[in-house]
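These notes are about the structure you will find just below.
On a predicted model such as this, the values are computed, not experimentally measured, just so you know. No hydrogens, no waters, no symmetry mates; every other heavy atom, side chains included, goes into these values.
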Number of protein chains: 2
Amino acid sequence: MIETRLRSMLDEGAEKRPSQTRKATVLLREMVISNKLLPGSMHLESELAELLAMSRTPVREAAIILEGQGLVEVIPRRGIKIVPLSVADMEEIYSILTELESLAAYDVARKGPEADDIAELRSHTDDMDAALKDDDRAAWAEADHAFHSKLVAMTGNRRLISIVATYSDQVHRARLLTLHMRPKPYKSNADHRALVDAIAAGEADRAREIHRDHRVAAKNLMIGLIATHGLSAL
Amino acid sequence: MIETRLRSMLDEGAEKRPSQTRKATVLLREMVISNKLLPGSMHLESELAELLAMSRTPVREAAIILEGQGLVEVIPRRGIKIVPLSVADMEEIYSILTELESLAAYDVARKGPEADDIAELRSHTDDMDAALKDDDRAAWAEADHAFHSKLVAMTGNRRLISIVATYSDQVHRARLLTLHMRPKPYKSNADHRALVDAIAAGEADRAREIHRDHRVAAKNLMIGLIATHGLSAL
DNA sequence: GGCGTTGACAATGTATACGTTAATGCATAC
DNA sequence: GTATGCATTAACGTATACATTGTCAACGCC
């Protein structure tokens, strides 16, 4: 079977020749979402080229790609700007993620998921519980992310997967920052379990509502934390 | 006021220096969505560069940008492929558009739109009615598109606007093709009116449902037409 | 007759050169 | 002191050169 693929949008992590452009894209993305390159900072093409030990061309191409993903902004003669997120930006993003992940929950519940997939979701919730017990927030965040990713992946909708990944990247820094500020996420774990139950039972509308409420709560929590701590942009 | 912008993602049609890269991007996009470059066809960088009377560099950059928007796929040494859409692809896209536009309807209704904006929506529905009376399908499609764009724009959510624009582009060809195959869209016009009424009345949940049903119907209609006519990809 | 191998070739990926353009600072006028 | 205009120059946008690499077909082996 010949697959027609939309590579950059849909195959995210797929095999690719490790071209300089690809390396630059991957490295820059990681530096951005992990806060190695600070939000709002500007970097000349030549500076990044030197940093990555390559010429301007692949850096430039990587910048175009990452601009398409909303992580940087190319400003002629000023440099490549690491896009900072305001609270308003986060609200935009969370609205979209809420809606699309809720759609995912609905679709997955409706089409009746494989037992294997349900088991994987449950294993992620188990990991979350374990992490909560150990008070290991990094592990919790990782399991939480794995759960959400798996849920979306189960739809099989490649474009949906791509959009959610893109916007999750954009709020990644904010999640990192608030991870240690939030109260222990007992409620969140309970939400995840309830969602899996609804999905397993094929209750699509209920799954959608559970997930929507879950996401709205997460958004409010995060925005509250950011406002409380007087962070205007990050 | 210094505006922090996410240009490529969020400012779609904004002012930009008419660089060669920009020209290439705009021209190629139009050639793709208007079927000047046929779905599935492949084009070498050098071929497009000659066609557009510029060097390979801006063509290459445009290809990267359009790949990020799902319109083309860059296949090393084979060329730039105009991405064809299968029925499955269209279902993916319509699911997303349905969900996000329904969110838009909800948000707009909830926050209470300006009278001006409501008036503009109504003027688009008037145009649709006029076009329907004249049996001018091109005008109808244009007014329909203007209505949907305006609705989404009214949210003020730039990312939402960007995503909807991107995926609308992807199904543009299919809309062109089915425009003259579908029955006269009386129901569609009625849906739009009902939606505006719900929004004007601030009935957010109802607006969401009306729009969702509207979109689902549109999707089923299109997919039915395509299946009926034995079109496997376009 | 089909399949793996090999080599020529074409297209790309990357670096680099260079002309253009806009940001910046300073001189000057008000 | 502030505003205006201009020169300077850094950075970019684009073209181009070249090495690399994947494709394709011819060839020979199985």
Side-chain angles (χ1 to χ4, degrees), chain A residues 1-9 11 14-29 31 37 40-68 71-83, chain B residues 1-8 11 14-29 31-32 37 40-68 71-83:
Chain A
M1 165 187 178
I2 295 169
E3 288 186 308
T4 296
R5 301 194 173 189
L6 308 180
R7 296 204 177 191
S8 79
M9 276 198 112
D11 276 2
E15 29 46 48
K16 284 264 185 67
R17 233 177 56 315
S19 65
Q20 297 292 76
T21 297
R22 168 136 294 270
K23 283 186 213 163
T25 307
V26 170
L27 289 172
L28 289 178
R29 169 184 170 276
M31 290 169 79
L37 296 174
S41 63
M42 317 261 312
H43 307 272
L44 298 177
E45 290 177 2
S46 48
E47 171 196 336
L48 294 176
E50 186 172 11
L51 178 66
L52 301 178
M54 58 183 69
S55 77
R56 274 173 50 218
T57 303
V59 169
R60 204 178 148 75
E61 297 188 349
I64 290 172
I65 291 168
L66 295 176
E67 183 172 53
L71 291 179
V72 309
E73 178 185 4
V74 175
I75 305 177
R77 282 155 223 294
R78 308 301 299 273
I80 293 158
K81 176 173 181 176
I82 312 306
V83 172
Chain B
M1 165 185 177
I2 296 169
E3 288 186 308
T4 296
R5 300 194 174 188
L6 308 180
R7 298 205 175 187
S8 80
D11 276 1
E15 28 46 50
K16 284 263 184 69
R17 255 202 23 285
S19 64
Q20 296 292 76
T21 297
R22 167 138 295 269
K23 284 186 212 163
T25 307
V26 170
L27 290 171
L28 289 178
R29 169 184 170 277
M31 292 169 78
V32 172
L37 296 175
S41 62
M42 316 264 312
H43 307 273
L44 297 177
E45 290 177 1
S46 47
E47 170 197 337
L48 295 176
E50 185 173 11
L51 179 65
L52 301 178
M54 59 183 69
S55 77
R56 276 174 49 219
T57 305
V59 170
R60 204 178 149 76
E61 297 188 349
I64 291 172
I65 291 168
L66 295 177
E67 182 172 54
L71 292 180
V72 309
E73 177 184 5
V74 175
I75 305 178
R77 284 158 222 290
R78 307 300 300 274
I80 293 159
K81 176 174 183 174
I82 313 305
V83 172

Side-chain donor-acceptor pairs under 3.5 Å in residues 46-56 of chain A, sequence neighbours left out?
residue : atom : partner : partner atom : Å
A/Glu47 : OE1  : A/Leu44 : N            : 3.2
A/Glu47 : OE2  : A/His43 : ND1          : 2.9
A/Ser55 : OG   : A/Thr57 : N            : 3.4
A/Arg56 : NE   : A/Glu45 : OE1          : 3.1
A/Arg56 : NH2  : A/Glu45 : OE1          : 3.4

> For the pair made of CG in B/Leu48 and P in C/dA11, what is the distance, rounded to whole Å?
Replying inline: 12 Å
> Between B/Ile65 and A/Ile64, is a side-chain contact (heavy atoms from CB on, under 4.5 Å) present by the stated rule, with each step listed?
Replying inline: CA-CA 7 Å; B/Ile65 291 168; A/Ile64 290 172; 3.4 Å; yes
> When the distance from CD1 of B/Ile80 to C1' of C/dT12 is rounded to whole Å, what number comes out?
Replying inline: 11 Å
> Which of the following nucleotides, C/dT14, D/dC24, D/dT14, is nearest to the side chain of B/Glu61?
Replying inline: D/dT14
>> With side-chain contact (heavy atoms from CB on, under 4.5 Å) as the criterion, how do B/Glu73 and B/Ile75 come out once you've worked through the C-alpha distance, each side chain's angles and the decisive distance to 0.1 Å?
In response: CA-CA 6 Å; B/Glu73 177 184 5; B/Ile75 305 178; 4.0 Å; yes
> Of all residues at least two apart in sequence or in a different chain, which pass the side chain to side chain donor-acceptor pair (under 3.5 Å) check with B/Thr21?
Replying inline: B/Glu61
> So, do B/Val72 and B/Val32 sit near enough that their side-chain heavy atoms are less than 4.5 Å apart?
Replying inline: yes
>> With a 4.5 Å cut-off on side-chain heavy atoms, are B/Leu66 and B/Thr25 touching?
In response: yes
> What is the distance from CZ of A/Arg22 to C1' of C/dT12, rounded to the nearest Å?
Replying inline: 16 Å
>> Between C1' on C/dT14 and CD1 on B/Ile64, what's the gap in Å once rounded to a whole number?
In response: 12 Å
> What integer distance in Å separates B/His43:NE2 from C/dA10:P?
Replying inline: 20 Å
Taking only nitrogen or oxygen atoms into account, show me every contact under 3.5 Å that the protein makes with nucleotides 15-20 of chain C, one pair per line with its distance.
residue : atom : partner : partner atom : Å
C/dA15  : OP2  : A/Ser55 : N            : 2.8
C/dA15  : OP2  : A/Ser55 : OG           : 2.2
C/dA15  : O5'  : A/Ser55 : OG           : 3.2
C/dA15  : N7   : A/Thr57 : OG1          : 2.9
C/dT16  : O4   : A/Thr57 : OG1          : 3.4

>> Distance check needed: C/dA10 P versus B/Met42 CE, whole Å only.
In response: 17 Å
> Which whole-number value in Å describes the distance from B/Arg78 CZ to D/dC24 C1'?
Replying inline: 10 Å
>> What is the separation between atom CD on B/Glu50 and atom P on D/dA15, rounded to the nearest whole Å?
In response: 13 Å
